[in-house]
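Here's the structure we're looking at; comments come further down.
Every chain is numbered from 1 and lettered A, B, ... according to where its sequence line falls, protein lines coming before strand lines. Atoms considered below: every heavy atom in the structure, side chains included; atoms not considered: hydrogens, waters and symmetry mates.
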Protein chains: 2
Amino acid sequence: MTERITKRLRISKQVGTPLYRQLQQQLEDLIVSGTWRPREPLPSETELAARLDISVMTVRQAMGLLVNRGLIYREKGRGTFVAPRPLERSLQRLGSFTEDMRARGREPSAQTLLCEVVPAPAQIAADLGFCPGTPVLHLRRLRLVDGFPVALHDAYVTRTDITHAELNSVGSLYALLEQRGIELDEAREVLEAVVADTTTAELLRIRRGAPLLQVTRITWDRHHVPVESITALCRADMYHYSVTLRR
Amino acid sequence: MTERITKRLRISKQVGTPLYRQLQQQLEDLIVSGTWRPREPLPSETELAARLDISVMTVRQAMGLLVNRGLIYREKGRGTFVAPRPLERSLQRLGSFTEDMRARGREPSAQTLLCEVVPAPAQIAADLGFCPGTPVLHLRRLRLVDGFPVALHDAYVTRTDITHAELNSVGSLYALLEQRGIELDEAREVLEAVVADTTTAELLRIRRGAPLLQVTRITWDRHHVPVESITALCRADMYHYSVTLRR
DNA sequence: CAGTGGTCTAGACCACAAC
DNA sequence: TTGTGGTCTAGACCACTGG
């Protein structure tokens, strides 16, 4: 069973991508596609190394990535196995609203309510490590999924050269930032529960006092320079949030 | 500066703990204690390897752990640097309520409202991958910090040999489980925003309709066997939740 | 016992950054 | 040019699991 599958693996030493990346990607595909069932053993390190004609350490590097993502688990002396998991994606992957929704098979959109350069409010400046009053781009958008409002976003972005028109044409703020050469790397999110005030309730088409999940995110680029601070108010009935923890 | 500090590092090949663990721990101590400032470069891989008389790959293994935890970042061709971070704890570490609160310097306690073996309700059985009706331990506890109620926990535990008395004496359910040889490994949490109903409001001493952060956690041991499913209703004004994401 | 993952070595070549 | 991290090799020994 596993033998037949293993024969499909192909590693090319000519192509530019690292060998361990190629292997990680192919193993991941076999797992998420369900070709390997939960708890089923993967081929051993030595077997993979021999069959693909690469070093054991390289195989270990690929497997290490999959362990980190929670897709496989390893037991000393026994082997490496596919992690049994509910299908739901959890992964602490830094993605935009647009990317998140697409990954769940939904069609996201946005309605831009505000797009202007303003002096940074005190709280935002503190989050971003700036002096209060430094110009930042304030972006207020109603986020929709399949046409229904699910969240209200207030973003403060350090790059101010973004126009309303561009935003509407690209849709995703992150895509726009990456087009400008910014390499997003890491974010910290703080989650809180709040209740809707009147104006938020109207925009999200819920009643006043309805529960909202408030997500405040600060994002840094790969040089650890802050890129944005964003607060999202999400309809509790349409938005859950999942996290994986490890001991 | 860094040179003087580096001389403090000591690795012993005699002691049982792996070399990369020793190094990781010592580097981590230097970072969290603030001896190395944010953005300050660490010694290079080759320098550390030479000075400690270990292999470069071993140094890389130690540094890889610190990168995963977000304590350092690496730039090709430039070096390895201490990550600038707000002091606040983020880390996706699987810990008990008791451990979390102690780590924040608060004193947690619990008031056990219910501790009985019951047939697993359908939703819980599904979470744990059991047949509905399998006996599980239902634990309902009011969690307090510094004497004030902050959360209401409803836990369903697969081990049923836990008594009210034990729980009150140890305090932490996780400590109790680990005493029984269960090796907690991984958990998935789903966060939602809800509003307090009358009975919850009374227990948490808030008004009906106040916002609550609802955290539902399923925990697995190192063999990926489910250990517990727990739902926590947390006072929004006393409980935030933070997460770190990576792209 | 044989097979597995965990740890470790002592090199190598590369792309990149900084001077 | 020098030094850095990124990738990779071809071994090694160990502790653990299972039969």
Side-chain angles (χ1 to χ4, degrees), chain A residues 2-3 6 11-25 27 39-68 71-83 181 183 185 221-225, chain B residues 2-3 6 11-25 27 39-68 71-83 181 183 185 221-225:
Chain A
T2 295
E3 188 154 340
T6 307
I11 299 283
S12 161
K13 301 192 181 180
Q14 314 314 322
V15 72
T17 56
L19 307 186
Y20 75 93
R21 279 268 169 216
Q22 296 181 44
L23 179 54
Q24 175 245 318
Q25 188 57 60
L27 294 175
R39 295 183 183 283
E40 194 169 340
L42 270 63
S44 75
E45 301 175 344
T46 48
E47 184 186 340
L48 276 179
R51 197 183 294 265
L52 299 172
D53 191 33
I54 59 179
S55 158
V56 174
M57 284 298 278
T58 305
V59 175
R60 287 183 60 78
Q61 202 171 352
M63 288 185 164
L65 292 178
L66 296 175
V67 170
N68 273 348
L71 286 167
I72 63 177
Y73 62 99
R74 323 187 76 183
E75 294 193 23
K76 197 196 306 191
R78 300 217 320 123
T80 305
F81 307 89
V82 176
E183 298 171 275
D185 176 57
D221 70 12
R222 80 173 174 99
H223 302 286
H224 277 68
V225 173
Chain B
T2 295
E3 188 154 337
T6 307
I11 299 285
S12 160
K13 300 192 182 182
Q14 314 314 323
V15 71
T17 56
L19 307 186
Y20 75 92
R21 279 267 170 220
Q22 296 181 44
L23 178 54
Q24 175 245 318
Q25 188 57 59
L27 293 176
R39 293 184 184 283
E40 195 169 341
L42 271 64
S44 76
E45 302 175 342
T46 47
E47 184 187 339
L48 277 177
R51 197 183 292 267
L52 299 172
D53 191 33
I54 59 179
S55 157
V56 174
M57 283 298 278
T58 306
V59 175
R60 287 183 60 79
Q61 202 172 352
M63 288 186 163
L65 292 178
L66 296 175
V67 170
N68 273 348
L71 286 166
I72 63 178
Y73 62 99
R74 322 188 77 185
E75 294 193 22
K76 196 196 308 191
R78 299 218 320 125
T80 305
F81 307 88
V82 176
E183 299 171 275
D185 176 56
D221 69 12
R222 80 173 176 98
H223 302 287
H224 277 69
V225 174

Could I get the full list of side-chain contact (heavy atoms from CB on, under 4.5 Å) partners for A:Ser55, not counting sequence neighbours?
A:Met57, A:Thr58

Just jot down the side-chain contact (heavy atoms from CB on, under 4.5 Å) partners of A:Leu65, sequence neighbours excluded, or say none.
A:Tyr20, A:Arg21, A:Gln24

Please enumerate all residues that pass salt bridge (Lys or Arg N to Asp or Glu O under 4.0 Å) together with B:Arg78, with sequence neighbours excluded.
B:Glu75

For A:Leu23 and A:Ile11, the nearest pair of non-hydrogen atoms, with its separation, is N-CD1, 3.7 Å

Quick one, which residues of residues 11-20 of chain B touch DNA chain C with a heavy atom under 4.0 Å?
B:Lys13, B:Pro18, B:Leu19, B:Tyr20

Of all residues at least two apart in sequence or in a different chain, which pass the side chain to side chain donor-acceptor pair (under 3.5 Å) check with B:Gln61?
none

Measure across A:Phe81 and A:Arg39 and return the closest heavy-atom pair with its distance rounded to 0.1 Å.
CD2-O, 3.5 Å

Quick one: is C:dG5 close enough that its OP1 or OP2 comes under 4.0 Å of any side-chain N or O from A:Thr80?
yes

How many angstroms lie between CG in B:Leu48 and CG in B:Asp53, if you round to the nearest 0.5 Å?
12.5 Å

Any donor-acceptor pair under 3.5 Å linking the side chain of B:Glu40 with the backbone of B:Val82?
no

Between the opening five pairs and the closing five pairs of the helix from C:dC1-D:dG18 to C:dA18-D:dT1, how far apart are the helix axes, to 10°?
10°

For nucleotides 14-19 of chain C, just jot down a letter per nucleotide in 5' to 3' order: B, S or -, based on protein non-hydrogen atoms under 4.0 Å.
--BSS-

Quick one: does any side-chain atom of A:Glu45 pair with a main-chain N or O of A:Val59 as donor and acceptor, under 3.5 Å?
no

Taking CE from A:Met63 and P from C:dT4, how many angstroms apart are they, rounded to a whole number?
11 Å

Drop me the distance from B:Lys13's NZ to B:Leu19's CG, to the nearest 0.5 angstrom.
6.5 Å

Nucleotide interval of DNA chain D bounded by contacts with chain B (heavy-atom cut-off, under 4.0 Å):
D:dG3 to D:dC8

Which residues within residues 53-60 of chain A lie with some heavy atom under 4.0 Å of an atom in DNA chain C?
A:Met57, A:Arg60

Output the distance between atom CG (A:Leu42) and atom CG (A:Leu66), rounded to the nearest 0.5 Å.
8.0 Å

